[in-house]
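Working notes for the structure below.
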2 protein chains.
Amino acid sequence: MSDDSVALNKRRAFILATIVYEYIETAEPVGSHTLTQKYRLGVSAATIRNEMAELEAAGYLVQPHASAGRVPSDTGYRTYVDRLMEPVVLAVEDQRQIRNEFLAASRELGDLIENATKTLGRLTSSFAFAVTPAQQTAMFRHVQLIWFSDRAGLVIVVTALGVAAQRNFDVTRAVTADELTGLSNRFNATFGGKRFSEIQATAVREVVASCGLADELAEIVLGALAASVGDERTVVSSGTQHFLAQPEFHDLRKLRSILNMVEEQKALYDFVAEAMNTAGEAPVVKIGHELGDGDVSDCSVLAVPYRTSEDAIGMLALLGPRRMPYGKLLAILAGTANSLTDSLGQR
Amino acid sequence: MSDDSVALNKRRAFILATIVYEYIETAEPVGSHTLTQKYRLGVSAATIRNEMAELEAAGYLVQPHASAGRVPSDTGYRTYVDRLMEPVVLAVEDQRQIRNEFLAASRELGDLIENATKTLGRLTSSFAFAVTPAQQTAMFRHVQLIWFSDRAGLVIVVTALGVAAQRNFDVTRAVTADELTGLSNRFNATFGGKRFSEIQATAVREVVASCGLADELAEIVLGALAASVGDERTVVSSGTQHFLAQPEFHDLRKLRSILNMVEEQKALYDFVAEAMNTAGEAPVVKIGHELGDGDVSDCSVLAVPYRTSEDAIGMLALLGPRRMPYGKLLAILAGTANSLTDSLGQR
DNA sequence: CTTGGCAGTCTTGCCACTAGAGTGCTAAGA
DNA sequence: TCTTAGCACTCTAGTGGCAAGACTGCCAAG
């Protein structure tokens, strides 16, 4: 760590990159001998050994046990991703294939996101997930109170993204269908096109009062509005079975812990939450312990943002073993997110 | 199979039941010796051996290999479930615990079903899933056309179960917000409270025409109505990680095939689809090869129907290893489905 | 019909052993 | 000063043999 930039001279960097590359391919610790055999390094195995010892001392590599080859550490992967890896450019053919996946699909937000997640999982043979965009920045479009009976109904709040909230309600004072329709129309005339943040609770109560209706209806509508802007992001995921193909998850205890995390969804959301708020267009890469301690530290997460036509931001992401083909996956991920953004923009 | 009822005399039935019971508990093939030691059978191990040989010949038991104990066959489990097992009655305490799970929850259909599935998964330590009720039998409640721009909008169809369909639309002839609102009101006045089957396409077109609007709007509404009654059942599931705890799924190939099936959802739906249509209140039990060939034949499915306030039927189900505690799981499953039906009725 | 005894079979765990992969160190050469 | 060949050493993974244990099936006696 001390003389970092000095320690990582050109040759060491190349050796490190080759080790990471080879380990990603084979999942086996990489030894000096195999390295000289499979790659043109121009030096002997003994030299590689010396360099490997240096790289290990500097924290880029670790040795699972004394007579084994080397494996990249978190730092090793991080250096590889940030500085050594050459970016993969998606072939035109692959690009087109991704776009085709979006053609036949429905135009609904939820369907598009689910479709993107499935496509991504399939193309990468990895576990893929998406965090849906928050409604916060969206424009209020429409509220509709629907009459079911004298004392019960349904309230729906719509944003440009679609139905943002629906909830059944009861009232203590009887209402008619016409009263609810009238109230809905008044709301929409008053608040249509405003941002949620611009809708005052007092204004909502006034509208209800001016229609001669009980205040409880105002509370119902306010509740539904609050639910719409509430952080109602959901997580969509696909491809759990891909974990099983990875040797690092053949340990059942680990696998269980990962599956549990995936099912809870909260952890997945947390991985990308920070990135979503500070997000530029840059992909997010979290490697090993950067995700937390415990069994997740064998994993990495790649994530890129996508945008709706109203600039609401969601994240499309991959979760896999730390030993993942970062370049290729980042390319496919970015390609899919672009196509998703395009599809969402065209709606 | 020939002298079935003769072959399964009282003692043999008891021995079979005990073997099934013991195997469900231990997951180890049951031998004559362990059987006499752990249970009061009143006869010696040698006698048990003779009876076991008969039971195997009659197809109730199988032997994994020559020097191993016996394991129940599909027929063995089937006989156990249908004729030998004593039904488990849920303790009042457990009943109350299940009910409590539903108290704090939201009253929305989707939330209730998801909550029931999670609760069921947790209580049984098994994989649980639910098939949502179809809208077909539901009453049409409301249709709303929402104006986004001159040429674009959103149409929403509502049934008593909530929002049944929403889709964005474009129109070639410009419309105003008022026109869409007016049309919505006309639709609701005309069709409100009818069943979907009673709504004629020609009537929809007439309403649109009588408002002086383009026929394309009629097609849009008809499309949304069709989507609402379409067999839009979905499958909600919970507890994938419980598979990993079962020794029968420690084989990764098998596990993968099961996880894959679970993610596809279609297979889960198929397991209970038939039962859903012919359904009485009776629980459905499918054992091993009754589910199909391949890796599912190591599994069993338990399913019971639940009902909404409008008598739409969904299924609540468990999928686990064939070696599952049928009595206990059936009791918890039935209890949860009852609570779910109650909660849905009270909405 | 039941039962104890016995021979036979198959699995499982253990141990020792070997082959192989890989390392670090040293000393010689460039 | 850097590189390299050689060597001794370490650790793992795989193999074969062996003994223990768990069952069964069969037989003959009760």
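Every chain is numbered from 1 and lettered A, B, ... according to where its sequence line falls, protein lines coming before strand lines.
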message: Can you measure A/Gln63 atom CD to C/dG22 atom P for me and round it to whole angstrom units?
response: 11 Å
- prompt: Given that B/His65 and B/Arg11 both sit by DNA chain C, which one's nearest nucleotide is further toward the 5' end?
  reply: B/Arg11
B/Leu41 CG to C/dT2 P, straight-line distance once rounded to whole Å: 13 Å
message: Heavy atoms from C-beta onward define the side chain here; which of D/dG25, C/dG22, D/dT4 lies closest to that of A/His33?
response: C/dG22
message: We want to know whether B/Ser32 and B/Arg49 form a side-chain donor-acceptor pair, criterion being a heavy-atom distance below 3.5 angstrom.
response: yes
- request: Establish whether the base of D/dC11 is bridged to the side chain of A/Ser67 by a donor-acceptor pair shorter than 3.5 Å.
  value: yes
Distance in angstrom units between A/Leu55 CG and C/dG22 P, rounded: 17 Å
message: Less than 4.5 Å apart, side chain to side chain, heavy atoms only: is that true for B/Ile15 and B/Leu35?
response: yes
message: The side chain of B/Ser44 is closest to which nucleotide in this list: C/dG4, D/dA5, C/dG22?
response: C/dG4
- line: Closest of D/dC11, C/dT11, D/dG25 to the B/Arg70 side chain is D/dG25
- prompt: Rounded to whole angstrom units, what separation is found between the CD1 atom of A/Ile48 and the P atom of D/dA5?
  reply: 12 Å
task: Report yes or no: is there a donor-acceptor pair, N or O only, under 3.5 Å between the side chain of B/Arg49 and the base of C/dG4?
output: no
- prompt: Of all the nucleotides listed (C/dT3, C/dT9, D/dC11), which has the minimum atom distance to the side chain of B/Asn50?
  reply: C/dT3
- request: Report the nucleotide, chosen from D/dT4, D/dT12, C/dT3, that has the shortest atom-to-atom distance to any side-chain atom of A/Val43.
  value: D/dT4
statement: Here the distance between atom C1' of D/dC26 and atom CE of B/Met52, to the nearest Å, is 17 Å
- request: Just compare C/dG22, D/dT24, C/dT23 and give me whichever is closest to any side-chain atom of B/Ser32.
  value: D/dT24
Side chain B/Asp295, main chain B/Ile258, donor-acceptor under 3.5 Å: no
Donor + acceptor pair across side chains of B/Glu22, B/Tyr39 (<3.5 Å): yes
- prompt: Whole Å only: how far is the CD atom of B/Glu51 from the P atom of D/dC23?
  reply: 19 Å
query: Between B/Gly42 and A/Thr34, who's closer to the 5' end of DNA chain C by nearest nucleotide?
result: B/Gly42
message: Using a 4.0 Å heavy-atom cut-off, does B/Ala46 contact any base of the nucleic acid, only the sugar-phosphate backbone, or nothing at all?
response: base
task: Rounded to the nearest angstrom, tell me the gap between atom CD in A/Glu56 and atom P in C/dG22.
output: 15 Å
message: Parallel, tilted or perpendicular, judged at 30° and 60°: which one describes the rings of A/Tyr326 and A/Tyr77?
response: tilted
- prompt: Rounding to a whole Å, what distance do you find between A/Glu28:CD and D/dA13:C1'?
  reply: 11 Å
